[in-house]
Amino acid sequence: MKAELHEISVKFGTFCAVNNVSLSFAPGEIHALVGENGAGKSTAMSVLFGLNTDYQGNIFINDQLRRWKSPADAISAGIGMVHQHFMLQETMSVLENVILCSEPVNKLGFVNFAAAAKTVQNLIDSYDLQIDQTQKVGELSVGQRQAVEILKLLYRRSEFLILDEPTAVLTPNEKEELFQSLSNFKASGKSIILITHKIDEVMMIADKVSVMRSGNLISSKLLKNTSKNEIQQNIIGGKLPKPIKRKQMHPKDIGFEMQKVIIPGLATGGKPISLKVYLGEIVGIAGVSGNGQGSLVEAIVGIRNILSGNMLLSNENISDQDVSARRKIGLSYIPEDRQSVGLALDASVLENSCVSQMRNKQFSNGYFFNLQHLFKFSEQLVSEYDIRVGSVKSKVRTMSGGNKQKLVVARELEQKKQLVIAENPTWGVDIGAINKIHQELIKMRDMGHAILLVSNEIEEIMGLSDRIHVMANGQLSESLNSDQVTANKLGELMLSRNEPALSEKLEMMRP
Amino acid sequence: MTQRLYSLLAASILLLIIFASLIWLADADFFKSITAFFKGAFGGRKYAYLLVTISRAALITGMAIAALIAFRAGLFNIGGEGQLVIGGLASAFVAINLPFGGPAGIFLVLLAGMIAAGVWAMLAGIMKLWLGVPILVGTLLLNYPARYIASYFVSHPLRDIASGMPQTHLIEKSLWLPLLPGTRLDIGFIFILFIFCIVLIYCYRTVGGYEAKMTGLSIDFANASGLKTKKISLKTLALSGAIAGLVGAIAVLGIHHRFTDGMLVQPLYAWTGIVAALMVSLIPWAVLPAGFFFAAIHSGASGMERTADVPKEIAIIVQGMIILFVASKVPTAFNQNIGSGK
Amino acid sequence: MLGSIFDPAFADSVARISIPILLAALGGAICHRAGVFNIALEGFLLMGAFMAVFGSHFTSSATLGTLSAICGGIFMALLFAEFHLRRPGDPIVVSIAINLISLGLSTYLLRAIFDVSGVFQSDQIRKVSLLDIPIIENIPFLGSFFSGQSLLFYFSLAIVIFAHFFFKYHQLGIWLRAAGENKQALEAGGVSSKKIQFISLILCGALCGLGGAQLSISNVGLFVENMSAGRGWIAVVIVLVTGGRALPLLGLVFLFGTVDGASLRVQGFGWPQQFTEMMPYLASLLALIFVCYRKLKFEKNTQGIRNV
């Protein structure tokens, strides 16, 4: 099946998300669409998939002009999409998920599950997918869930597969399985669009590469006619960021220590976690998201209880302290989810910037706050960290992702606490903000603070950390020195996935 | 902006049409009804009806403030009715048994109402924090026991049997709220104005008010930032309940001078207060005009019933329609986690 | 004393009391599963009750009365859909408004059209006929529960059983569940979740309308101001407690019916009326506490969240 986007433009208000983009896709081809977050890749594809119907330009399918009213039209024309966030029903079985919205029904509308199960099993067998169709989706691992998504497309006989950042949540092993399947599809004549921001994957599997930057199509070439360097330059627009300089440190004092801590809800089978972070170093925790990093961080911050073990911060045992006490002793926290944990979106910049210091002397007398000082303080944060916002009175909701994140980082680092926990601090922000945030973290390290960096991006971990742990399946690996470890070694450590998935365990305990 | 104006106009016209057809259904004259409405809300000999409106506005605004304080902290306390009733009952009980009167007595009676209602509201908080019952349903279900408990007390132990009604004895005159000189308006509304000012300061200038707001906007954010959200929730609920209790006490001491079964439930003070708070999307200063607005609608409807033979329930319908139109304009009038009653 | 509570007349009253709540709760369950947070059941029910009497009075036909009740329920549901689905109104605010409108409108129309306040009764009101089932009616105790009830009783029992299979095996049922759990997934499949939620609201309105008909023209044949008197709220609690699953819902509804029926009975033993009337509400509070506490404990054990 051939598809073509012809001079597509999408505007959100005055903002032009996709500007006059033309792309063509051929059968039996893997076409990689690369670019930074917010470059317009997903928006362009949502036009092709019918999720976005408010666009200018034309879509041609097999040289025929088409206009979708909804995804249903695109689906019936043979286009399928695997979204970055899986669109699955957790409490339903694999079978129910696969056939959802195209169930075989009898005259009264009741579903013929037996017939459907047979069709689905045939598909599973012919593409050699590792799925049991009677299982509940809630019990599946991330890789399996993705396979369900793909199965959904196969069941609908899609000839045209769009995959939005499919590898973001996969272990290297699962990634290889996925790429194997994609090659199979390609061989059977389907066309595949891979939306990604990872160049290595593109080099591995794509036949054609198109680069988008801030809504514009920069280039669209066969892979063999371009180079990794050229793609990279096209993505960021010429200027590569300067490498960050760091001071040589000789850390010897422990800033934070976990001694044999057991965290409930982790699928460790009761294996305790021990961890040390010295003053003046960045300790990275690598791992595919959802392997217990979130629980670990919450336990350190004090949002989550621990079952046993000790946590020492500045030689004080904080295991039984609440969040505010821990923060007072010397902890600051940059949460992964800035939308609901890091910020209160409907509060102003001013209100967000003072939240954990409100009871400090300069900020208030314990009852009434000192508005003058709050203004001074938040304006200072805004200018120091280059946060672009009209005034400190504007709502945080109105700011861009990068500026939101800079505000969180500014607020937490400004407190100059002994331990800084940064959880995916650059997730989904633009390159400018990423550099700024990395610089600030290094600066904190050079000033002699202990920094715990949790991230799903191997590059970020390797670039910033002095020592690295890998978290897989709720277990923490030995510490590795970052100048001696390779990305492959880290990938290997992320793999171990012998235990049943967490949600499965929870299911068993459900009353 | 013009589009908003346009839709506002459309909504107003639609409301007017509904209003007119309701009047037509009741076989009343439209213009006579409208005149009666305005006279009932703002007119009367020596502005007697306006004073009634003010007195009612005080109660509604009080309940709106109570709702607002809880809502902005993310606590969907729709049990204002129960808290109001318990506050009124407690104050009537104390007022009847108090051996002395005067300002000190009045103060004690008001305090009793506030404490009782505050504790009643905290019950819902305790159920939420230790038993996991969503605030929305917890506060709502506590309305019914409150109503029946009050009904029991005024029909049995506290009943003024001679009156033949389910109500308490009249309380001592020395405990009645004094009237403004030359009018029949008691000073209850001044108490509410005072509370209103305090709440404004609380919302805009105090650490407590700030922390409650942050908790309401995102409880995860508040927890991660080290706010003591449990304590904040309980304190806020108690405060919200106490204000509802004060309203109940003012109604007892200022207007009825006794507790009659259903006197605080029937006029829908609590629900109207909630609606008023929601209508202004929880903007603190705006609850005062909103409270007055709804009080005027209710008084005006009473006026229509008196002179134009239009049932006064028209006020409830109009009130519901207004909140529907307003609610559909402000999707995020308050935060999601309020609605997590699921 | 127990013997004199649990007699055949008691079984009969339990069945009668339970039906409006059952129908409303079923409607609520459909909305709940479709992801519409509908707490306006009270309003739907009240409007249904009024419209039943209205229709029955003017047509002198129980069938048309019932139909008119369904229309009343659906009308309120349409209002809900307009302001919550088509416009982005918050479901709680919309629910509160709809409950107020129902209360206001039913009372207003009662006074405006029938010129009475409080209670409306007339000779023209026809009641839904009762059905005696041979053989079953002769079984002691159960007979008076299952036989001699209004048609709506049998209808609603049938609906519960149908609902159970509907959610599991019917396409629309599955789509309803999908809309409630992850509506993006449904939309990615090309089915509009709003449309599904709209259908769920209409079904809910119709069922609540029926419940209202049971209240007003099934056994008593009259309308009282604010006749639903909190039954809609009890239905809301039941939906929340059971998560909208059809069979547990049935069980819980009859449990409440039993408590309510028993409380009517013990009034005869000199208990203050207020306490007995309070019992269903206390019972629903207890049921809610029980379920919520179990959920809380489960979450604590598995996730150890401290601060929520």
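Because only heavy atoms are used, hydrogens play no part in the values below, and waters and symmetry mates are left out as well, while side chains stay in. Letters A, B, ... mirror the listed sequences (proteins, then strands); counts begin at 1.
Closest of all the heavy-atom pairs between B:Ser225 and A:Ser356 is O-CB, 3.3 Å. Closest approach of B:Tyr204 and A:Phe369 over heavy atoms only: O-CZ, 3.2 Å.
The CG atom of B:Asp220 sits 12.5 Å away from the CD atom of A:Gln339 when rounded to the nearest 0.5 Å. Atom OH of B:Tyr210 and atom OG of A:Ser364 lie 10.5 Å apart (nearest 0.5 Å).
A:Phe363 places none of its side-chain heavy atoms less than 4.5 Å from the side chain of B:Val207. The shortest distance between side-chain heavy atoms of A:Met358 and B:Met214 does not fall below 4.5 Å. In this structure, the side chains of B:Asn223 and A:Val323 stay at 4.5 Å or more apart for every pair of heavy atoms.
Under the side chain to side chain contact (heavy atoms under 4.5 Å, CB included) test applied with B:Phe221, the options A:Asn352, A:Val341, A:Leu345 reduce to a single match, A:Asn352.
The neighbour count for A:Asp54 CG, taken as heavy atoms of other residues, nucleotides or ligands under 6.0 Å away, does not exceed 12. Within 6.0 Å of NZ in A:Lys376 there are 12 or fewer heavy atoms belonging to other residues, nucleotides or ligands.
For a heavy-atom cut-off of 4.5 Å, chain B lies close to A:Arg327, A:Tyr333 in residues 327-338 of chain A.
Judged by distance alone, with hydrogens and angles left aside, the side-chain atoms of B:Ser218 form a donor-acceptor pair with the main-chain N or O of A:Ser340 at under 3.5 Å.
The residue among A:Asn370, A:Leu343, A:Val301 with the most heavy atom pairs within less than 4.5 Å of chain B is A:Leu343.
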